[in-house]
Structure formats: structure tokens, C-alpha cells
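Before any comments, here is the structure.
All values reported here derive from a predicted model rather than from experimental measurement. Residue numbering restarts at 1 for every chain, and letters A, B, ... go by the order of the sequence lines.
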Protein chains: 2
Amino acid sequence: MSGKQNSYHHGNLREVLLETAFRLVDSDGVEAISMRALAREAGVSSAAPFRHFADKRVLLDAVAEKAAAELERKLDESTAACSDALTQFRAMSVAYVRFAAEHPALFDLIHGTESVSAGFLGEVKDERRLNLIALIIEGQNAGLIPEADPELIALTSEALTHGLARMIVDRHPRLRTLSSEEARQLALAATHLLQTGIGLT
Amino acid sequence: MSGKQNSYHHGNLREVLLETAFRLVDSDGVEAISMRALAREAGVSSAAPFRHFADKRVLLDAVAEKAAAELERKLDESTAACSDALTQFRAMSVAYVRFAAEHPALFDLIHGTESVSAGFLGEVKDERRLNLIALIIEGQNAGLIPEADPELIALTSEALTHGLARMIVDRHPRLRTLSSEEARQLALAATHLLQTGIGLT
DNA sequence: CGTCAATGTTAGCGCCGCTAACATTGGAAA
DNA sequence: TTTCCAATGTTAGCGGCGCTAACATTGACG
């Protein structure tokens with residue numbers, strides 16, 4: 001199915017367009033893609049892509065969903081070898097920040113896409129949040145975590161991780177040209193700091 | 001100078017274009033602006049704007065710089081009535097998050113614009129960072145803040161604030177439709193949490 | 001074997017960013 | 001005051017874009 005080159009019907013156009021767009025966004029950013037260029041790349045007329053994606057926004061939504069699924073996969077992977085819940089949480093923070101450092105354009109696209117947070121992947125994220133909140137309540141019952149609103153604690157943790165990732169993507173002056181390993185160490189250090197508090201009371 | 005309407009020369013075109021673009025980005029997002037539409041709005045031919053901005057990127061850079069200056073202004077304002085350094089820091093976090101909630105498209109443009117973090121306003125931000133670090137070291141000398149790397153503490157604080165702002169702009173499921181007052185309370189609660197730590201040790 | 005839905009094609013509309021060549025004008029220099 | 005020129009406007013147009021309509025090809029299925 002991948003080598004059909006002399007037939008009128010391409011046979012695999014939708015996936016080829018999607019993968020090409022995915023690669024192009026990852027390497028050159030979302031502004032680098034155009035429907036016509038994708039069509040040329042696939043060796044197809046400039047109207048053909050519209051048989052598979054109603055408009056450009058829909059195609060970008062699909063790319064964003066693919067990227068979000070990839071991020072999800074990496075987050076799951078990261079917690080595979082973690083026994084307790086705390087190390088799971090920290091591993092996920094690290095994986096999240098690393099993804100942002102390695103694929104800034106995809107990270108950007110994911111969060112700039114309405115349909116991602118609204119759709120299935122938003123629910124995945126919500127499920128993760130509920131897990132985190134359950135963990136926090138557990139910690140509070142055991143007397144390990146102060147009795148603040150668990151929702152607030154979860155939100156603050158998320159915000160810290162998301163903020164680190166965003167500062168990298170947004171090329172914050174202190175964080176531009178951050179390697180993946182440096183990103184890992186930074187995420188570890190920052191989440192540790194959140195746990196112990198910075199003591200500014 | 002503002003009412004020249006029947007003359008060949010507009011007389012104030014650069015500023016009019018800039019202000020129109022600023023308003024349009026703020027209300028409808030960066031994708032809503034086009035050079036030709038701006039020209040029409042200003043009652044001028046579609047080539048005229050290029051006498052003042054070499055290309056669209058340069059115009060957007062100028063809008064971003066204006067927006068960043070506005071943000072700077074609000075940050076300065078927010079600390080006016082604060083005596084000690086800690087309340088200054090928290091007031092700035094609140095102002096930062098509020099700006100993001102009230103002007104998401106401008107906030108987005110600021111951070112997506114290379115020239116802003118590279119140029120003058122990046123230096124302003126750096127100066128702010130140095131102030132924060134000085135405050136942290138002071139706190140450490142007084143025994144109020146743990147002996148972690150002051151740079152790291154500063155970075156973590158920034159990341160939390162930036163993360164909250166970004167979650168709002170990115171329409172995080174839990175934070176969409178957040179009012180300015182809710183943003184204020186959230187920022188206060190989260191920075192407080194950072195100070196005390198969430199105790200997940 | 002015929003037909004039809006899926007999926008390709010060509011042609012073209014209107015908008016865009018941007019440029020070249022020309023027009024107007026206000027203000028500095030003579 | 002007159003002259004002239006740099007600044008800043010104009011028109012016309014190129015090529016690329018997103019997208020649509022009308023038509024062409026074909027494989028799968030009755």
C-alpha cells in the first residue's frame with residue numbers, strides 16, 4: 001500500500017498527509033505548513049487533501065491529537081518503573097518538561113488546539129488529575145501533606161511543571177538552548193523545591 | 001494631527017496601524033490581522049503600511065513590544081503600595097496572572113516573539129530576576145529561606161507564576177472562563193503554597 | 001458486468017504578503 | 001521665495017495561499 005505510485009488513486013493519502021504534517025510541524029513549526037505544500041510533497045493535486053480534511057484547521061487538529069497521544073505515551077512510559085506514587089509524579093513532570101524541550105512546536109500546537117483539551121485527550125488528562133488528587137488526599141490522611149485544598153495543591157503542581165515546560169518553549173532568556181538532560185535535572189530540582197517549600201513566610 | 005483626512009499624506013499612519021493592530025490582536029487574536037485589512041481600516045492603500053513596517057513580522061514585533069511594555073507597566077503599578085519585598089513578589093505574581101487572564105492573545109504574542117525576550121524588555125525582565133535573587137539571598141542570610149541555589153528558587157517561582165498564566169491562556173480544562181478576580185485569588189493561593197511547600201516528602 | 005461512492009483531477013475565485021514604478025507634498029536649502 | 005528632494009503616499013501586479021465546483025477515474029460490490 002505504500003508504493004502505489006502510478007495509479008490515479010493514491011491509496012494512503014490521509015495518513016501520508018498526516019505524517020508529513022506532523023514531521024514538518026515538529027521540525028519547522030506550525031507556520032511552515034500549507035495544504036498546497038503538503039499536496040506537492042505527497043505528489044498529488046492541491047485540491048486532493050480536502051477530500052480527507054475539511055479544512056486546514058481540521059488537519060492541524062489531527063496533528064495536535066497525534067502529538068498529544070505521543071505525549072501521553074511518553075508520560076505513561078515514564079511511570080512504568082516507578083513503585084510509589086510520589087516518584088511517579090516526579091517522573092511525569094520530568095517527562096513532560098523533556099517533551100516540551102525536545103518538541104517545542106508540537107507542544108505549542110497541542111496547547112493551542114481547542115479540540116485537544118476538549119476531546120478524548122482532555123479526559124485522559126482529567127483522569128490523571130483525579131489520580132493526583134487521590135494521592136494528595138491519601139498523603140493528607142497520613143499526615144504527610146498539609147491540609148490545604150487538594151484541588152489547589154494539584155493545580156499548583158501542574159502549574160509548576162507546565163510553567164517550566166512553557167518557559168523552555170517560549171525561549172525564556174535563562175532557559176534557551178536547554179538540553180534534554182538539563183531539562184530533566186531542572187524539572188527534578190523544581191518539583192523537589194515545591195515539595196519542601198521555599199520558606200518565604 | 002489626528003484629523004487629517006483629505007490629504008495625500010496620512011500624517012500619522014504608523015501609530016494608527018500600530019494601535020489598530022494592538023486592539024485587533026487583543027480582541028480577536030493574532031491570526032485576525034492582515035496588512036491589507038489594517039490598511040483598509042486606516043483608509044489607505046494596501047501598500048502604504050510597508051513604508052512603516054518592513055514586513056508583517058516587524059509589525060507584530062512592534063505590537064508585541066507595546067504589549068510587553070503594557071505588562072511591565074502593570075507589574076510596576078502592582079508593587080507601588082507594597083512595603084516589604086515578599087508582598088512585592090506576590091503582588092507581581094498576581095498582576096502577571098491577571099494580565100494573562102485579561103489579555104490572552106497579547107500575552108501569547110509577547111512570549112511567541114523572539115525580539116521581545118532578546119531586546120530591551122528582556123533586559124527589564126532580567127533586572128527583575130536579579131532583584132528577586134537578591135531578595136532570596138537576603139532571606140537566606142536571615143535564615144528564613146533554605147540554602148538551595150537562589151537561581152533555582154527564583155526560576156521555580158517564575159515557573160509557577162508563568163505556568164498559572166499559561167494554563168489560563170491555553171484554556172486548561174479546570175481554568176477556562178476564569179475571571180480576573182478568580183485569577184487573583186488563584187495566584188495568591190498558589191504562591192502561598194510554594195512558600196510553605198506541599199510537603200510531599 | 002454495470003454502477004456508484006470514494007477519491008482523484010483541473011480551473012478558478014478572492015485574499016494575502018510583498019514589490020516596483022510612479023505621484024504628491026512639506027519642509028529644508030539655495 | 002523658490003527649488004528640490006526625501007518621506008510617504010498611489011496603482012498595478014506577481015506568486016502563493018485556502019478553498020470550491022465540476023469533472024474524471026477506478027475499485028468494490030450488487
Side-chain angles (χ1 to χ4, degrees), chain A residues 1-25 27-65 105 109 112-115, chain B residues 1-25 27-65 105 109 112-115:
Chain A
M1 356 209 95
S2 62
K4 282 195 186 182
Q5 35 206 14
N6 277 339
S7 60
Y8 186 89
H9 287 313
H10 183 287
N12 201 23
L13 186 53
R14 194 195 145 90
E15 283 183 32
V16 166
L17 291 171
L18 199 50
E19 281 167 25
T20 306
F22 186 91
R23 265 186 293 112
L24 203 53
V25 170
S27 61
D28 294 5
V30 67
E31 289 169 20
I33 80 159
S34 82
M35 298 300 269
R36 291 177 109 107
L38 287 176
R40 280 192 298 271
E41 187 78 11
V44 104
S45 80
S46 57
F50 294 94
R51 294 290 175 197
H52 300 277
F53 302 96
D55 58 31
K56 188 178 181 177
R57 181 70 259 158
V58 169
L59 185 149
L60 288 180
D61 286 357
V63 173
E65 221 149 311
L109 181 60
T113 300
E114 192 67 22
S115 73
Chain B
M1 14 197 83
S2 60
K4 282 195 186 181
Q5 35 205 17
N6 277 340
S7 60
Y8 186 89
H9 288 312
H10 182 288
N12 201 24
L13 185 53
R14 195 195 145 88
E15 282 182 33
V16 166
L17 290 172
L18 199 51
E19 281 167 24
T20 305
F22 186 91
R23 266 187 293 111
L24 202 52
V25 169
S27 61
D28 294 3
V30 67
E31 289 168 19
I33 79 159
S34 82
M35 299 298 270
R36 290 178 110 108
L38 287 176
R40 280 193 297 271
E41 187 79 9
V44 105
S45 80
S46 57
F50 294 94
R51 294 290 175 198
H52 300 277
F53 302 96
D55 58 30
K56 188 178 181 178
R57 182 70 258 158
V58 169
L59 185 148
L60 289 180
D61 285 358
V63 173
E65 221 149 310
L109 181 61
T113 301
E114 193 67 22
S115 73

Quiz item: Does any residue of residues 40-51 of chain A have a heavy atom under 4.0 Å from DNA chain C, and if so, which ones, in number order?
Solution: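 The stretch gives A:V44, A:S45, A:A47, A:A48, A:R51 as the residues lying under 4.0 Å from the strand, ordered by number.
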Atom [atom1] of [X] to atom [atom2] of [N]: distance rounded to whole Å?
X	N	atom1	atom2	answer
A:L59	D:dC17	CG	P	14 Å
A:K56	C:dC15	NZ	P	18 Å
B:E31	D:dC17	CD	P	17 Å
B:L60	C:dC16	CG	C1'	14 Å
B:L17	D:dG9	CG	C1'	12 Å
B:R14	D:dA7	CZ	P	15 Å
B:R36	D:dG16	CZ	C1'	12 Å
A:D55	D:dT20	CG	P	8 Å

Quiz item: A:R14: what forms a salt bridge (charged side-chain N to carboxylate O under 4.0 Å, His left out) with it, not counting sequence neighbours?
Solution: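 So A:R14 forms no salt bridge (charged side-chain N to carboxylate O under 4.0 Å, His left out) with any residue.
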Should [X] and [Y] count as side-chain neighbours, where that means a heavy-atom distance under 4.5 Å?
X	Y	answer
A:R23	A:D28	no
B:E65	B:L109	no
B:I33	B:K56	yes
B:L17	B:V44	no

Quiz item: For D:dG9, does either OP1 or OP2 sit under 4.0 Å from a side-chain N or O belonging to B:H52?
Solution: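 So the side-chain polar atoms of B:H52 do come within 4.0 Å of the phosphate oxygens OP1 or OP2 of D:dG9, strictly under.
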Quiz item: Which of these nucleotides, C:dC16, D:dG9, C:dG8, is closest to any side-chain atom of A:L13?
Solution: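 Side chain of A:L13 sits closest to C:dG8.
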Quiz prompt | Check against side chain to side chain contact (heavy atoms under 4.5 Å, CB included), B:L38 and B:L59 | solution = CA-CA 11 Å; B:L38 287 176; B:L59 185 148; 3.8 Å; yes
